[in-house]
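Heads up: the structure comes next, in structure tokens.
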Amino acid sequence: MKAVVMYRSNTGFTRRYATWIAEELGCEAIDMAVSPVDVGDFDVVVFGSWFHAALVPGSKECKHLMAEHPDVPFVVFVVGATKPEETEQTAEALERTYPKADYPDLPRFYLRGGFDYPSLSFMDKMLMKMMFKELEKKAASGDADAAEGLAGMREGFDATDREAIGPLVACAKELAAGRACR
């Protein structure tokens with residue numbers, strides 16, 4: 001099996017998952033911001049990024065590569081701070097980026113990362129300050145979820161979990177072998 005994991009990472013959580021996935025697949029993890037990837041030589045391509053204001057950085061490049069290489073199977077994963085049980089929110093964001101009507105066979109995975117305020121860009125820190133104010137208002141009015149989210153963002157957290165990549169790795173191996181992903 002000849003696989004590659006290409007990714008975009010901002011604060012390191014996506015890079016950590018990409019590295020773990022590459023280790024499990026016995027291949028290389030390549031940062032798309034540093035090095036382009038010629039995907040035509042691979043049996044399967046795994047693309048990972050993070051949610052940034054409900055957008056997925058690098059998704060345009062990934063879609064372009066999928067269009068250029070329609071015979072190469074892709075698997076997509078996106079990392080975010082949302083709890084995995086809040087599937088509706090993550091499913092909606094993935095659907096906006098990779099609509100099932102356009103990508104019916106594309107396996108999509110959500111992996112929980114974390115939040116590291118010091119690693120954010122200046123602009124992202126400014127946007128987060130506005131979000132903090134909104135969460136503070138909600139928390140003050142008794143919204144327990146807002147209070148919990150605010151605490152997690154202020155203190156930062158790392159919820160990465162190597163075991164969470166199991167279904168994604170299994171799917172990539174199935175696709176590389178020419179079988180449908182279950």
Side-chain angles (χ1 to χ4, degrees), residues 1-115 158-182:
M1 169 180 69
K2 192 168 180 191
V4 67
V5 178
M6 55 186 203
Y7 69 93
R8 296 284 299 269
S9 187
N10 187 36
T11 58
F13 300 109
T14 305
R15 177 178 38 253
R16 182 175 303 141
Y17 278 120
T19 301
W20 289 341
I21 293 164
E23 287 171 1
E24 294 295 322
L25 294 175
C27 68
E28 191 175 3
I30 300 172
D31 184 344
M32 291 174 63
V34 175
S35 180
V37 180
D38 179 8
V39 302
D41 296 330
F42 295 98
D43 299 320
V44 66
V45 175
V46 177
F47 168 71
S49 189
W50 77 99
F51 283 128
H52 182 264
L55 301 174
V56 179
S59 62
K60 286 182 184 176
E61 294 97 318
C62 180
K63 290 175 188 178
H64 179 75
L65 290 170
M66 286 190 286
E68 281 185 342
H69 303 279
D71 295 333
V72 177
F74 278 72
V75 177
V76 169
F77 73 94
V78 182
V79 177
T82 303
K83 293 177 183 177
E85 59 270 16
E86 296 175 11
T87 56
E88 187 176 320
Q89 183 180 8
T90 56
E92 286 175 7
L94 277 166
E95 177 63 21
R96 274 192 304 274
T97 306
Y98 297 100
K100 288 184 182 173
D102 297 337
Y103 304 96
D105 299 322
L106 178 66
R108 303 155 180 85
F109 293 87
Y110 172 75
L111 301 170
R112 189 165 192 216
F115 187 76
D158 181 349
T160 55
D161 177 6
R162 188 173 182 133
E163 290 183 19
I165 68 171
L168 185 154
V169 170
C171 177
K173 287 179 178 180
E174 290 289 320
L175 290 173
R179 296 185 295 266
C181 178
R182 296 180 215 155

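Residue numbers run from 1 in the order of the sequence given.
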(message) Just to verify, what does Arg8 make a side chain to side chain donor-acceptor pair (under 3.5 Å) with, not counting sequence neighbours?
(response)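 Glu61.
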
Measure from the side-chain N and O atoms of [X] to the backbone N and O of [Y], and report whether any donor-acceptor pair falls under 3.5 Å.
X	Y	answer
Ser35	Asp31	no
Asp158	Gly114	no
Glu24	Gly166	no
Tyr17	Ile165	no

Can you give me the closest heavy-atom contact between [X] and [Y], atom names plus distance?
X	Y	answer
Leu25	Met1	O-CE, 3.5 Å
Ala176	Val44	CB-CG1, 3.8 Å
Val39	Phe74	CG2-CZ, 4.0 Å

(message) Filter on salt bridge (Lys or Arg N to Asp or Glu O under 4.0 Å), then keep only pairs touching residues 62-77, sequence neighbours left out; what's left?
(response)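 Those involving residues 62-77 do not exist here.
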
(message) Other residues, nucleotides and ligands only: do more than 12 of their heavy atoms fall within 6.0 Å of CD on Glu85?
(response)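 It does: Glu85 CD has more than 12 such atoms within range.
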
(message) Name the residue from Val45, Val46, Leu106 that meets the side-chain contact (heavy atoms from CB on, under 4.5 Å) definition with Val75.
(response)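 Result: among Val45, Val46, Leu106, Val46 is the only option passing the side-chain contact (heavy atoms from CB on, under 4.5 Å) with Val75.
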
Check whether any side-chain heavy atom of [X] lies under 4.5 Å from a side-chain heavy atom of [Y], and answer yes or no.
X	Y	answer
Pro70	Met66	no
Asp41	Lys2	yes
Glu163	Trp20	no

(message) What's the separation between atom CZ in Phe47 and atom CD1 in Ile30, rounded to the nearest 0.5 Å?
(response)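 Going from the CZ atom of Phe47 to the CD1 atom of Ile30 covers 13.0 Å.
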
(request) Could you pull out all residues at least two apart from Thr14 that satisfy side-chain contact (heavy atoms from CB on, under 4.5 Å)? (result)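 Partners of Thr14 under the side-chain contact (heavy atoms from CB on, under 4.5 Å) test: Tyr7, Ser9, Trp50, Phe77, Val79.
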
